[in-house]
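The structure appears right after this line, and notes come after that.
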Amino acid sequence: MSLALPPLRVARYTTTSCLGVGLVSHVEALREARSGLAPCRFDTVELPTWVGEVAGLEALRLPEQFADFDCRNNRLAELALQQDGYAEAVEEAMLRYGRERIGLFLGTSTSGILQTELAYRDRDAQGALPAGFHYANTHNTFSLAAYVRARFGLRGPVSITSSACSSSAKVFGTAQRMIAAGLVDCALVGGVDSLCLTTLYGFNSLELLSSAPCRPFDAARSGLSLGEAAAFALLERAPTQTTADAALLLGVGESSDAYHMSSPHPDGLGARLAMEQALRQAGLRPEDIDYINLHGTATPSNDAAEGRAVGALFGAGVACSSTKGAIGHTLGAAGGIEAVLSLLALREGLLPGSPGTAALDPAIAEVAPLDYLLSPRAGEPRRVLSNSFGFGGTNCSLVLARGDAR
Amino acid sequence: MSVPNTATPPVDPALMREVAQHIVAALNLDLPAEDIDPDAPLYGEGLGLDSIDILEIALVLSKHYGLQLRSDDANNHVIFRSLRNLAAYVGEKRTR
Amino acid sequence: MNQAIRAALTARVAGIGVLGPGLADWVQARAILRGEQTYVAQPCVLPVPQILPPAERRRATAVIKLTLATGLEAVAAAGLKAAELATVFTSSGGDGRNCHEICAALASSDRLISPTRFHNSVHNAASGYWGIATGAMAPSAVLCAFDASFAAGLLEAMVQVAVTSAPVLLLAYDTDYPEPLHRVRPIPDSFGVALALSPTAGDLARLAVDPAAAFTAEPATRMDDAALEALRLAIPAARALPLLRALALGAPGGLVLDHLPGQQLALELSPC
């Protein structure tokens with residue numbers, strides 16, 4: 001018999017992106033339908049594209065004893081951990097549960113690879129990397145988790161999930177399973193991804209970068225805008241009774257496209273499987289969902305496939321939007337930050353709009369007459385779905401709910 | 001822009017061979033460059049290439065010959081129709 | 001806390017795949033680990049994955065060849081259907097050669113990088129190609145825990161077996177790093193291991209982890225053979241070797257697998 005996956009309480013959450021540091025700035029930006037995208041001036045990059053860059057990371061320093069971990073990605077992680085009482089909540093949880101009973105499951109796609117990109121520019125005449133270069137604690141995919149583990153002194157199960165753009169959605173599933181299996185009582189989850197040359201020039205090589213701010217689900221969409229972000233949540237078993245102001249994780253759905261490395265299945269079959277699985281685990285039907293935070297990268301193929309899948313499953317009229325016009329595509333952090341924006345939608349009674357989108361693509365509307373939100377709308381969403389799909393055909397959907405809406 | 005659109009544009013056989021070698025190397029094709037039929041379609045049928053392959057060819061030829069090739073060029077259905085057309089385009093646009 | 005929840009996590013080993021330097025498959029590895037054959041370190045030879053469609057076969061990098069070889073071997077031995085299996089991929093850092101090519105291109109004057117290399121650069125490349133090859137639409141976890149990647153992947157796979165009551169395929173793999181990365185990440189060659197784990201089927205052994213005491217400060221179990229011990233230390237995925245030896249010998253008892261300093265994974269092996 002399989003173990004029941006209990007609803008989890010999201011005890012604390014925070015995010016930092018180009019929209020600002022911490023939750024308050026994100027609520028304000030969502031209300032004002034503000035976009036944080038700006039023409040790319042990152043490093044020495046010369047590409048006609050817009051990015052969602054977090055201000056001030058160049059000047060930020062990690063605590064002295066963690067200097068070996070210093071890189072843009074871990075600085076962004078540190079900046080985010082300091083907001084909204086998140087670090088304090090982790091420390092309290094360590095006192096309550098013990099540091100061995102807290103899992104650490106984070107997502108990233110490129111971690112601190114920027115350090116290696118810079119080190120390659122500084123290779124000596126023999127081709128060797130500069131002496132100060134520290135691979136394990138910066139570039140390596142695990143560096144983010146190693147830093148957070150060291151910073152708090154955590155000693156429970158730990159892993160990085162690196163499945164491209166679904167990474168920090170899938171960590172919610174890891175946490176759910178680890179808690180169900182009795183390995184941990186609490187989990188620190190989230191994702192951090194930062195700007196680097198690999199993704200900027202890589203998406204450029206695939207001709208997937210838009211030269212203007214991205215326009216998700218618009219007929220005129222022409223590709224994505226990259227961003228950087230950090231998002232963290234603290235998960236624990238939900239008490240049997242929870243009040244409206246509690247935030248719950250009710251379901252996680254994961255699937256694989258088994259189709260192509262860099263193109264989604266045209267009908268979004270894998271995406272649909274993930275959404276169905278998340279609903280099944282939550283014990284909900286499609287009509288129970290009040291808002292969907294779409295993956296919505298603004299590439300022609302992603303939005304067409306996702307639109308089809310959402311339309312097929314939810315029928316006409318489901319309120320939905322992509323927030324990537326505001327924050328850009330933050331890749332390994334996308335699942336985490338979009339889960340946080342979904343939690344803010346529940347808490348604030350605010351369905352986010354879609355900065356950059358002028359109108360829903362008629363070609364998508366024809367097959368999926370979605371209630372696509374161009375601008376923010378006040379409402380009382382009780383249960384929301386957040387979609388994250390990535391290269392390699394990796395899909396993950398989360399169902400989040402208010403405490404009175406199990 | 002003048003894009004060769006006749007079925008058999010004039011093209012230097014040596015350049016065509018060279019372009020074929022670039023394609024075989026860039027795509028790790030399991031056949032000798034001289035076996036590519038100059039007039040067979042590159043995309044889909046024929047060599048069985050897909051959109052990533054076309055981007056890869058565009059990259060390699062752009063680097064090597066100093067020209068601009070993008071997969072969203074409206075003339076790509078002509079430029080990438082066959083090895084002959086591609087080599088003719090390279091011959092016309094190359095800067096090195 | 002509910003008693004049932006704290007019950008030991010168990011999984012049966014239903015099939016094994018191995019590929020590494022001087023280890024061509026599980027049959028050969030088993031004979032070596034049982035001491036019936038001498039271990040001779042030889043460069044790992046990665047087969048061309050005929051199962052992939054031609055376009056993906058041309059683009060397959062070392063991590064893809066390695067995981068298809070070991071994964072398919074384990075699935076066949078277990079008599080399972082790859083198309084139906086959930087998977088857990090775990091690697092200490094992904095494809096070093098691909099990463100080197102990209103970083104070298106980014107340091108060049110035009111910075112143009114290969115679109116194929118870029119889409120192969122994601123840590124979940126092996127998982128993506130596995131799906132394309134086998135048609136598996138089941139969930140696929142893709143983990144990294146640096147040198148602890150094998151133990152972290154095994155724990156995740158055992159948790160999945162317990163939670164879903166369905167078989168799970170664990171694939172741990174690492175490939176070599178070229179210079180100049182090699183000096184900071186000296187992985188010399190490829191090593192991959194795949195374990196088909198099942199809640200009920202499989203007669204190789206039963207694995208158990210105590211969820212209340214999954215980790216121990218005890219040092220990791222070592223290999224007696226010096227060359228195999230060197231291999232265990234040289235390639236993170238080869239931290240699986242003590243488990244493979246216990247499986248080859250059918251030796252019951254406790255086992256400590258390398259994880260993080262002072263926090264090793266405690267595993268119990270028993271016959272089925």
Side-chain angles (χ1 to χ4, degrees), chain A residues 1-3 5 100 109 113 116-117 119-121 123 127-129 133-136 140-143 145-146 155 157-164 167 170 173-174 177-178 180-183 197-198 201-203 205-207 254-262 269-270 273 390-394, chain C residues 1 5-7 9 56 92-94 99 102-104 106-107 111-115 118-125 127-129 131-132 134-146 148-149 152 155-156 159-160 162-166 179-181 183-185 211-212 214-215 260 263:
Chain A
M1 227 202 69
S2 50
L3 292 173
L5 291 162
E100 296 83 9
S109 67
I113 198 173
T116 304
E117 296 167 359
Y120 264 66
R121 285 188 205 159
R123 284 170 295 174
L129 298 171
F133 173 65
H134 211 300
Y135 167 80
N140 186 267
T141 308
F142 188 60
S143 155
R155 284 295 176 274
V158 53
S159 63
I160 284 284
T161 287
S162 187
S163 57
S167 301
K170 283 169 78 79
T174 310
R177 290 187 291 268
M178 289 273 174
L183 272 157
L197 277 67
T198 298
Y201 285 94
F203 281 106
S205 80
L206 288 167
E207 298 183 0
E254 299 173 66
S255 75
S256 308
D257 273 1
Y259 178 73
H260 191 268
M261 274 307 288
S262 48
L269 276 190
L273 275 179
F391 266 18
T394 167
Chain C
M1 188 106 336
I5 289 161
R6 282 298 177 95
L9 298 174
E56 279 75 20
S92 76
C99 178
I102 287 175
C103 288
L106 289 173
R111 293 185 174 176
L112 294 175
I113 68 176
S114 150
F118 176 62
H119 89 178
N120 279 345
S121 74
V122 290
H123 192 70
N124 59 318
S127 161
Y129 280 80
I132 294 166
T134 63
M137 296 184 79
S140 180
V142 184
L143 305 183
C144 175
F146 194 58
S149 294
L155 191 60
E156 166 71 18
V159 164
Q160 285 200 17
V163 168
T164 65
S165 286
E179 289 295 356
L181 285 173
R183 196 170 304 177
V184 290
R185 189 55 172 157
F215 300 111
L260 291 161
Q263 193 190 343

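Throughout, a chain's letter reflects where its sequence line sits, starting with A, and its residues are numbered from 1. Just so we're clear, the structure is a prediction, and the values are computed from it rather than from any experiment.
Heavy-atom pairs under 4.5 Å with chain C were tallied for A:Arg121, A:Glu254, A:Arg177; the largest tally goes to A:Arg177. For chain C, the option among A:Pro157, A:Ala128, A:Gly127 with the highest count of heavy-atom pairs below 4.5 Å is A:Pro157. Counting heavy-atom pairs closer than 4.5 Å to chain A, the top-ranked of the candidates C:Ala104, C:Ala214, C:Ala125 is C:Ala104. In terms of heavy-atom pairs under 4.5 Å with chain A, the best-connected choice from C:Ser127, C:Gly135, C:Ala136, C:Gly93 is C:Ala136. Between chain A and the options C:Ser140, C:Gly94, C:Cys103, the largest number of non-hydrogen pairs under 4.5 Å is found for C:Cys103. The choice from C:Ile113, C:Asn120, C:Val122 that makes the most heavy-atom pairs within less than 4.5 Å of chain A is C:Ile113.
In this structure, C:Pro180 and A:Tyr120 have side chains that are in contact, with non-hydrogen atoms separated by less than 4.5 Å. Looking only at side-chain heavy atoms (C-beta outward), C:Ile102 and A:Ile113 stay at 4.5 Å or farther from each other. A:Thr394 has its side chain out of reach of C:Val142: every pair of non-hydrogen atoms, C-beta onward, lies at least 4.5 Å apart. Using a 4.5 Å heavy-atom threshold, the side chains of C:Leu143 and A:Ile160 count as separate.
Contacts between A:Phe391 and chain C at a heavy-atom distance below 4.5 Å involve backbone atoms as well as side-chain atoms. The contact between C:Arg111 and chain A is made by backbone and side chain atoms together, counting heavy-atom distances below 4.5 Å. Contacts of C:Leu181 with chain A are made by both backbone and side-chain atoms, with heavy-atom separations under 4.5 Å. Residue contact with chain C, scored on non-hydrogen atoms closer than 4.5 Å, involves the backbone and the side chain of A:Leu269 alike. Looking at A:His260, both its backbone and its side chain come within 4.5 Å of chain C, counting heavy atoms on both sides. Both the backbone and the side chain of A:Ala136 come within less than 4.5 Å of a heavy atom of chain C. Interface remark: A:Leu273 contributes side-chain atoms only to the contact with chain C (heavy atom separation under 4.5 Å). In this structure, chain A has no heavy atom under 4.5 Å from any part of C:Thr134. Contact of A:Asn140 with chain C is made through the side chain alone, with heavy-atom distances under 4.5 Å. With a 4.5 angstrom heavy-atom cutoff, C:Ser92 touches chain A only via backbone atoms.
Panel note: side chain A:Thr141, backbone C:Cys144; no donor-acceptor pair is recorded below 3.5 Å. Between the side chain of C:Gln263 and the backbone N or O of A:Arg155, at least one donor-acceptor pair lies under 3.5 Å. Using modelled atom types, no side-chain atom of A:Lys170 and backbone atom of C:Pro139 make a donor-acceptor pair closer than 3.5 Å.
Listed here is the closest heavy atom pair of A:Gly392 and C:Asn124: CA-ND2, 4.1 Å. Among all heavy-atom pairs drawn from C:Pro115 and A:Ser205, the shortest one is CA-OG, 3.2 Å. Annotation for A:Ala181 and C:Pro211: closest pair O-CB, 3.6 Å, computed over non-hydrogen atoms.
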request  = List the steps, then state whether side-chain contact (heavy atoms from CB on, under 4.5 Å) holds for C:Phe215 with A:Leu183.
outcome  = CA-CA 10 Å; C:Phe215 300 111; A:Leu183 272 157; 5.7 Å; no
task = Carefully, step by step, assess A:Met261 and C:Ile132 under the rule side-chain contact (heavy atoms from CB on, under 4.5 Å).
result = CA-CA 8 Å; A:Met261 274 307 288; C:Ile132 294 166; 4.3 Å; yes
message = What verdict does the ring-ring contact (aromatic ring centres under 6.0 Å, His included) test give for A:Tyr201 and C:Phe118, after you've listed the backbone C-alpha separation in whole Å, the side-chain angles of each residue and the deciding distance to 0.1 Å?
response = CA-CA 9 Å; A:Tyr201 285 94; C:Phe118 176 62; over 10 Å; no
query = Which is it for C:Glu156 and A:Met178 under the side-chain contact (heavy atoms from CB on, under 4.5 Å) test, yes or no, and what are the steps along the way?
reply = CA-CA 8 Å; C:Glu156 166 71 18; A:Met178 289 273 174; 3.8 Å; yes
ask   = Given the rule in the side-chain contact (heavy atoms from CB on, under 4.5 Å) test, do C:Val159 and A:Thr174 qualify, once you have shown the distances and angles that lead to the verdict?
value = CA-CA 9 Å; C:Val159 164; A:Thr174 310; over 6 Å; no
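Between the side chains of C:His119 and A:Ser262, at least one donor-acceptor pair of N or O atoms lies under 3.5 Å.
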